[in-house]
J.: 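Submitted below is the structure of interest, expressed as structure tokens.
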Amino acid sequence: QVAGASQVVEVYVYQRGGTDTIESALGRIYALLQGHVFDGAYPAMWTNELGPMAAPELAGDVRMARADYQIISVRVAASF
């Protein structure tokens, strides 16, 4: 029997005033996660990005962005 799973990891980054730190952080996160192989899974894959944009839930000039990475795993059950 084979079982598969798909997990999406959402990474949120915030910055007060401007977006330069957000852009830098997203680049570093991409470098770390894209293609990274977690135990028992296929390489992580970038799937979506939103922003930078205003973060209306926070007061002041706060910007946010989100990057999504998908991790797919397939496991074969042990036979008895």
Side-chain angles (χ1 to χ4, degrees):
Q1 197 175 45
V2 177
S6 176
Q7 176 71 47
V8 175
V9 176
E10 297 177 350
V11 180
Y12 291 84
V13 290
Y14 294 85
Q15 179 179 347
R16 187 173 304 279
T19 61
D20 55 330
T21 301
I22 287 175
E23 297 294 342
S24 178
L26 289 175
R28 180 68 177 137
I29 291 164
Y30 181 88
L32 291 170
L33 286 181
Q34 176 65 21
H36 179 80
V37 179
F38 293 92
D39 289 343
Y42 290 99
M45 180 174 51
W46 176 90
T47 58
N48 191 35
E49 191 170 299
L50 300 172
M53 61 187 167
E57 70 277 10
L58 299 174
D61 181 24
V62 178
R63 304 281 174 183
M64 64 84 60
R66 185 185 94 198
D68 300 339
Y69 292 85
Q70 183 177 28
I71 301 166
I72 298 173
S73 63
V74 176
R75 291 184 170 58
V76 177
S79 50
F80 295 95

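This is a predicted model, so every value here is computed, not measured.
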J.: Under the salt bridge (Lys or Arg N to Asp or Glu O under 4.0 Å) rule, collect the residues that match up with R28, sequence neighbours excluded.
T.: none
J.: Considering residues at least two apart in sequence or located in another chain, which fulfil the side chain to side chain contact (heavy atoms under 4.5 Å, CB included) criterion with V74?
T.: V2, Y42
J.: Quick one: salt bridge (Lys or Arg N to Asp or Glu O under 4.0 Å) pairs with a partner in residues 37-50, sequence neighbours left out?
T.: none
J.: Who pairs with Y14 by side chain to side chain donor-acceptor pair (under 3.5 Å), at least two apart in sequence or on another chain?
T.: none
J.: Among residues at least two apart in sequence or on other chains, which ones pass ring-ring contact (aromatic ring centres under 6.0 Å, His included) with Y12?
T.: none
J.: List the residues meeting side chain to side chain contact (heavy atoms under 4.5 Å, CB included) with A65, not counting sequence neighbours, and say none if there are none.
T.: V13, I22, L26
J.: Is L50 linked to M45 within one hydrophobic cluster, defined over Ile, Leu, Val, Met, Phe, Trp and Tyr using a side-chain heavy-atom separation of less than 4.5 Å?
T.: no
J.: Hydrophobic cluster membership, with links at side-chain heavy-atom distances under 4.5 Å among I/L/V/M/F/W/Y: are V9 and I29 in one?
T.: yes
J.: Using the side chain to side chain contact (heavy atoms under 4.5 Å, CB included) rule, take L58 and R16 through it: C-alpha gap first, then chi angles, then the decisive distance, then the call.
T.: CA-CA 10 Å; L58 299 174; R16 187 173 304 279; 5.9 Å; no
J.: I71 and A44: which non-hydrogen atoms are nearest, and at how many Å?
T.: CG1-CB, 4.1 Å
J.: Give me each pair satisfying salt bridge (Lys or Arg N to Asp or Glu O under 4.0 Å) with a member in residues 59-70, each pair once, sequence neighbours excluded.
T.: D61-R63, R66-D68
J.: Going by side chain to side chain donor-acceptor pair (under 3.5 Å), name the residues that satisfy it together with E57, two or more places apart in sequence or in a different chain.
T.: none
J.: What are the two closest non-hydrogen atoms of G40 and S73, and how far apart are they?
T.: O-CB, 3.2 Å
J.: So, using side chain to side chain contact (heavy atoms under 4.5 Å, CB included) as the criterion, who are the partners of S24 when residues are at least two apart?
T.: none
J.: Can you get from V11 to L32 by hopping between Ile, Leu, Val, Met, Phe, Trp and Tyr side chains that sit under 4.5 Å apart?
T.: no
J.: According to side chain to side chain donor-acceptor pair (under 3.5 Å), who are the partners of T47, at least two apart in sequence or on a separate chain?
T.: none
J.: Considering residues at least two apart in sequence or located in another chain, which fulfil the side chain to side chain donor-acceptor pair (under 3.5 Å) criterion with Q70?
T.: S6
J.: If you take all heavy atoms of Y30 and Y69, which pair is closest and at what distance?
T.: CA-OH, 3.1 Å
